[in-house]
S.K.: 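Structure incoming, see below.
All chains are named by letter (A, B, ...) in the order of the sequence lines, taking the proteins before the strands, and each is independently numbered beginning at 1.
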There are 2 protein chains.
Amino acid sequence: MPVRDKRQRLVAAATELSHRVGLSNASLATIAEEADVPIGNVYYYFKSKDELASAVVGARREEYDALRRRWDAESDDPVQRLVSFVRHARDGADLLAARGCPIGGLCSDLTRTSPDLGAEAGEIFAATIAWAADSYSALGHPRPVDAATRLVAMTQGATVLAHALGDAGLLRAECERAEVELLAPRDGG
Amino acid sequence: MPVRDKRQRLVAAATELSHRVGLSNASLATIAEEADVPIGNVYYYFKSKDELASAVVGARREEYDALRRRWDAESDDPVQRLVSFVRHARDGADLLAARGCPIGGLCSDLTRTSPDLGAEAGEIFAATIAWAADSYSALGHPRPVDAATRLVAMTQGATVLAHALGDAGLLRAECERAEVELLAPRDGG
DNA sequence: GTCTATAGACCGATAGAC
DNA sequence: GTCTATCGGTCTATAGAC
């Protein structure tokens with residue numbers, strides 16, 4: 001299906017550019033060029049830039065859904081699943097420090113131009129928190145949602161600082177500390 | 001000095017708009033209108049938009065420098081100073097949830113268009129971490145910079161999530177938890 | 001110092017030939 | 001389905017009247 005292929009390439013290019021320069025800074029011309037699709041042809045696949053943005057959010061959501069399914073498949077142990085989440089941020093620290101979090105960036109970018117799309121992107125965080133809360137719940141944590149929120153907030157905050165300071169080591173250090181804490185928890189952690 | 005006044009109004013308007021819609025989404029026309037300064041007059045005070053952006057970074061830096069000086073003046077107790085920092089985020093939770101962190105937004109926005117300005121904005125975070133580290137150091141914390149980084153990362157991460165999920169309560173809850181932890185620390189906290 | 005007019009480039013989006 | 005040509009609008013920045 002050549003149609004699907006071009007559409008897919010456009011979404012992939014827009015997704016990549018949304019991370020590198022932000023969606024509002026990425027023109028349709030640049031996206032089309034990066035996707036190797038004729039410039040004016042974009043409007044055959046998407047009737048507006050917002051519709052392309054919505055496809056980008058969908059692609060990111062599916063990407064992170066797949067990641068969580070993989071972590072679930074790799075281990076039944078709730079602690080190991082949470083460790084997989086933290087290690088993913090650790091392993092991507094260089095890119096995250098260079099460009100920031102792709103989801104966080106998408107949320108703040110889209111919220112400014114289209115509240116609906118911003119909320120749509122926010123659901124990726126909501127799904128991640130809900131997933132982590134399941135693991136904390138299985139561990140018998142008294143407030144699983146709070147603990148999950150804290151874990152996701154930690155990776156987000158460290159990513160923001162690593163990005164702002166251009167210091168991937170900061171993010172790696174925080175992830176490693178979180179991993180240690182997950183493996184040897186104290187009360188209330 | 002009417003000159004200083006207009007220049008100051010332009011910087012104030014640009015600073016406010018950088019928080020509300022992002023600096024790259026704020027046109028010079030909009031900024032001038034918000035500052036009640038004739039549109040084309042902007043270039044008398046700033047020779048480029050980047051120079052105006054640099055003034056915005058300077059204004060934010062001075063704003064947060066003044067905040068820390070106030071917290072230092074209000075108490076000699078290191079714990080109380082750190083609590084002041086956390087309470088400031090808690091008190092501004094509604095605005096932070098609606099628009100995100102002004103510094104974090106400035107950093108990610110400017111880094112994308114001008115790495116130099118992005119690094120300049122990043123120094124605001126660096127100064128905040130250094131300030132918090134002084135308090136942790138006074139408390140005899142074994143790794144004051146790590147602890148300070150963690151505290152700032154916590155507020156940033158909670159702000160990102162509160163903004164993405166449109167949930168100011170999330171940020172307030174995290175700040176209150178952090179305050180409790182500051183007032184009744186455990187080992188390694 | 002102040003302001004208008006506008007250049008020159010780029011944007012999202014559309015019309016219509018093929 | 002595919003692609004070109006282009007419209008109307010907005011952007012940063014400049015030239016120059018007052």
S.K.: D:dT2 C1' sits how many Å from A:Tyr45 OH, rounded?
M.R.: 8 Å

S.K.: Is the shortest distance from a Lys or Arg side-chain nitrogen in B:Asp36 or B:Lys6 to a carboxylate oxygen in the other one below 4.0 Å?
M.R.: no

S.K.: Calculate, to the nearest 0.5 Å, the distance between atoms CD and CZ belonging to B:Glu179 and B:Arg87 respectively.
M.R.: 4.0 Å

S.K.: Flag the pair A:Leu110 / A:Glu120 as yes when at least one side-chain heavy-atom distance between them is below 4.5 Å, and no otherwise.
M.R.: no

S.K.: With under 30° as parallel and over 60° as perpendicular, where do the rings of B:Tyr136 and B:His141 fit, or are they tilted in between?
M.R.: perpendicular

S.K.: Nearest whole Å is fine: how far is C:dT2 C1' from B:Asp36 CG?
M.R.: 14 Å

S.K.: For the pair B:Arg9 and B:Asp5, find out whether any cationic side-chain nitrogen is under 4.0 Å from an anionic carboxylate oxygen.
M.R.: yes

S.K.: For B:Gly100, does its backbone N or O pair with a side-chain atom of B:His19 as donor and acceptor, under 3.5 Å?
M.R.: yes

S.K.: Counting only N and O atoms by type, is there a donor-acceptor contact under 3.5 Å from the side chain of B:Thr111 to the main-chain atoms of B:Cys107?
M.R.: yes

S.K.: Nucleotides 3-5 of chain D: which of its N/O atoms have a protein N/O under 3.5 Å away?
M.R.:
unit_1, atom_1, unit_2, atom_2, d
D:dC3, OP2, A:Lys6, NZ, 2.8
D:dC3, OP2, A:Asn41, ND2, 3.3

S.K.: Looking at residues 105-119 of chain A, who's got a heavy atom less than 4.0 Å off DNA chain C?
M.R.: none

S.K.: Nearest whole Å is fine: how far is C:dG1 C1' from B:Leu10 CG?
M.R.: 14 Å

S.K.: Quick one: closest heavy-atom pair of B:Ile103 and B:Ala121, and the distance?
M.R.: CG2-O, 4.3 Å

S.K.: Evaluate the ring planes of B:Trp131 and B:Trp71, with Trp represented by its six-membered ring, and classify them as parallel (under 30°), tilted (30 to 60°) or perpendicular (over 60°).
M.R.: tilted

S.K.: Just the rounded figure in Å: distance from P of C:dA7 to OH of B:Tyr43.
M.R.: 17 Å

S.K.: To the nearest Å, how far apart are B:Glu51 CD and D:dT12 C1'?
M.R.: 14 Å

S.K.: Do any N or O atoms of the protein come closer than 3.5 Å to N or O atoms of nucleotides 8-11 of chain C, and which pairs are they?
M.R.:
unit_1, atom_1, unit_2, atom_2, d
C:dC11, OP1, A:Ser27, OG, 3.2

S.K.: Ignoring hydrogens and angles, tell me if any N or O in the side chain of B:Arg20 forms a donor-acceptor pair with the backbone of B:Arg99 under 3.5 Å.
M.R.: no

S.K.: Is the closest basic N to carboxylate O distance between A:Arg69 and A:Asp65 below 4.0 Å?
M.R.: no

